[in-house]
Amino acid sequence: MATEDNNPWKRSQEKLRAIAKKIHLDPLLLAELEEPDRIITTSLPIRLDNGNIQTFTGYRVQHNNVLGPYKGGIRYHPQVSMDEVKALAFWMTVKCAVINVPFGGSKGGITVDPKSLSENELRELTYVFSRKLARAIGPEIDVPAPDVNTNPTIMGWLVEEYEKQVKSQKSKVKTSLTDNQLKAVVTGKQVDQGGSLGRTEATGLGGFYALMHVLKKLGLNPKDMTVAVQGFGNVGYYAAEFFYKEGIKVVAVSDSKEGIYVKEGLNPDKTLACKKEKGMLSGCYCIGSVCDVKNGKQITNKDLLELPVDILVPAALENVITAENAANTKAKIILELANGPITIEADTILAQKDTMVIPDILANSGGVCVSYYEWYQNMHNEKWTKEDVFKKLKKQMEEATNDVWTISKEKGVSLRDAAYIVALQRIQNAWKHEH
Ligand code: NAD
């Protein structure tokens, strides 16, 4: 999925080196962060429903664990490249440091189109992967989570097989953890399997808290603002819903098929219900090109990014704001809820236009923050209410946003560079204790 120009690993390393130079990061630590600690590639043979054997490839990149156990999602996708996974693992290292949770960074996946497998085959594939990873992961070693095309059900299978491996007489995995603690090997589980309340909303809600804090710093009233959200999945939908409840006018949302623009503002909940019922986001607003809402119209994803709004929220894919369209964006604030939605060239163009970018490593860190709460609840045999989770998340997002904002003002740098500075300084402080 990565082109040479926008190779995310190359891009992440350029940023690392630039910030390291700015803050005189210890060259030994820089060298450590320039390559992952460990890359695991493993073959995964399974018996298909028709009796044939098919072998898939799975991998796990453990980037760095100075701050705590490696932490990062697992994606099932036919076109994932190793450079992309390495970059995502690196970003996890940085993200955990920015939001100040005691985790390092990792990422993994299987090269597979999950839609081409039956449920039984997908479960078998997950079991084999879990068996192969059993000695490399663990609540105190490396903690996977859902990512693209994986979900709480798949996480449940991963835990099930991991527990079986650990408890088997022949197991080479030794642990003194209790049954409940063993569940902390994975986060993003179903609530009845040890998942945390509030995890589903966490990334969108965390982004909302970060945005509210920035608006307060800027002296802007949310009720005077308009927002467009690209991507109406887990992250985009919840973000839009929390904006709406706060009185921010949500004028546009989109999914992979289409977008909808309603100048008077739309109700995200109602829009989602219409999408479910009629199969289209524009289901409640348009029939073909005829729209029955005042000023409502069907738009493309490209149009959405260029709308005259105060806040733009890319919450779908990487590399959507590029050198080609950055100059056409009108928003004064961009909240990056997707990972890596703005290319390096576009970042420069946006800075020249004085567009404030709230960077992904801060804006979407609410997800890993609540993953940490899930891990903590499993490890300490606790169950927190959703209200408790949201209260802690708000505090943690506000503190992280404040740290980043302060460094940005002190050093006269962008919020993105400030977030990297906060993260690398935290990692360096912990690293110094080990050396
Ligand atoms: P999701 O699969 O639930 O939703 C993705 C959305 O993007 C869907 O609405 C889909 O229709 C839309 N989409 C797909 N292709 C598109 C295209 N070409 N143009 C516009 N929209 C398109 O995924 P998600 O969990 O909401 O993740 C969205 C982004 O947020 C990803 O970049 C992910 O890495 C990042 N993220 C997610 C979490 C999390 O907790 N889920 C945490 C941190 C970062």
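As the structure is a prediction and not an experimental result, all values here were calculated from the model. Whatever order the structure lists them in is the order used to number ligands and atoms, beginning at 1.
- Between the CE atom of Met397 and the CD1 atom of Ile99 there is a distance of 4.5 Å, given to the nearest 0.5 Å.
- Both the backbone and the side chain of Asp255 come within 4.0 Å of ligand 1, counting heavy atoms alone.
- Heavy atoms of Pro341 found under 4.0 angstrom from ligand 1: none, in either backbone or side chain.
- Salt bridge annotation for Arg75-Glu84: present, with a cationic side-chain nitrogen under 4.0 angstrom from a carboxylate oxygen.
- Between Lys395 and Glu399, at least one side-chain N (NZ, or NE/NH1/NH2) sits under 4.0 Å from a carboxylate O, which counts as a salt bridge.
- The aromatic rings of Phe208 and Phe243 sit tilted relative to each other, their planes meeting at an angle between 30° and 60°.
- For atom 40 (O) of ligand 1, the closest non-hydrogen atom of the protein is Thr203 OG1, 2.6 Å.
- Under the 30°/60° scheme for interplanar angles, the aromatic rings of Phe242 and Phe390 are found to stand perpendicular.
- Taking each of Pro314, Ala363, Gly233 in turn, the one with a heavy atom nearest to atom 4 (O) of ligand 1 proves to be Gly233.
- In the candidate list Gly259, Gly204, Ala316, Ser365, Ala316 is nearest to atom 31 (C) of ligand 1, counting heavy atoms.
- Salt bridge Asp417/Lys22: present, at least one basic N to carboxylate O contact under 4.0 Å.
- Aromatic pair Tyr372/Phe103: centroids less than 6.0 angstrom apart.
- Ligand-side atoms of ligand 1 in range of Leu317: 15 (N), 16 (C), 17 (C), 18 (N), range being under 4.0 angstrom from any heavy atom.
- Within ligand 1, the atoms closer than 4.0 Å to a non-hydrogen atom of Gly231 are 7 (O), 9 (O), numbered from 1 in the order shown.
- Residue contacts with ligand 1 for Val235 involve both N, CA, C or O and side-chain atoms from C-beta outward (heavy atoms, distance under 4.0 Å).
- Per-residue contacts place Asn301 under 4.0 angstrom from the following atoms of ligand 1 (heavy atoms of the residue considered): 19 (N), 20 (C).
- Within a 4.0 Å radius of atom 23 (O) of ligand 1, the protein contributes no heavy atom.
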Could you give me the CA-CA distance, side-chain angles and deciding distance for Asp269 and Tyr237, then say whether side-chain hydrogen bond (donor to acceptor under 3.5 Å, both in side chains) is met? CA-CA 8 Å; Asp269 212 20; Tyr237 163 71; 2.7 Å; yes

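- For the pair Lys386 and Trp384, the NZ or CZ position fails the cation-pi test of under 6.0 Å to the six-membered ring centre and within 45 degrees of the ring normal.
- Nearest protein heavy-atom contact of atom 35 (C) of ligand 1 is Leu337 O, 3.7 Å.
- Between Arg416 and Asp360 there is a salt bridge, since at least one side-chain N of the basic residue sits less than 4.0 Å from a carboxylate O of the acidic one.
- Using a cutoff of 4.0 Å between basic side-chain nitrogens and carboxylate oxygens, Asp310 and Lys249 are not scored as salt-bridged.
- Atom 33 (C) of ligand 1 has Asn339 ND2, 4.1 Å as its closest protein atom, hydrogens excluded (heavy atom only).
- Atoms of ligand 1 found under 4.0 Å from any heavy atom of Arg199, numbered from 1 in the order shown, are 40 (O).
- Across Ser256, Ala145, Ala202, heavy-atom proximity to atom 11 (O) of ligand 1 is greatest for Ser256.
- When the options Leu281, Val368, Asn234 are ranked by their closest heavy atom to atom 3 (O) of ligand 1, first place goes to Asn234.
- For atom 9 (O) of ligand 1, the closest heavy atom belonging to the protein is Phe232 N, 2.9 Å.
- Not a single N or O atom of Gly367, backbone or side chain, sits closer than 3.5 Å to an N or O atom of ligand 1.
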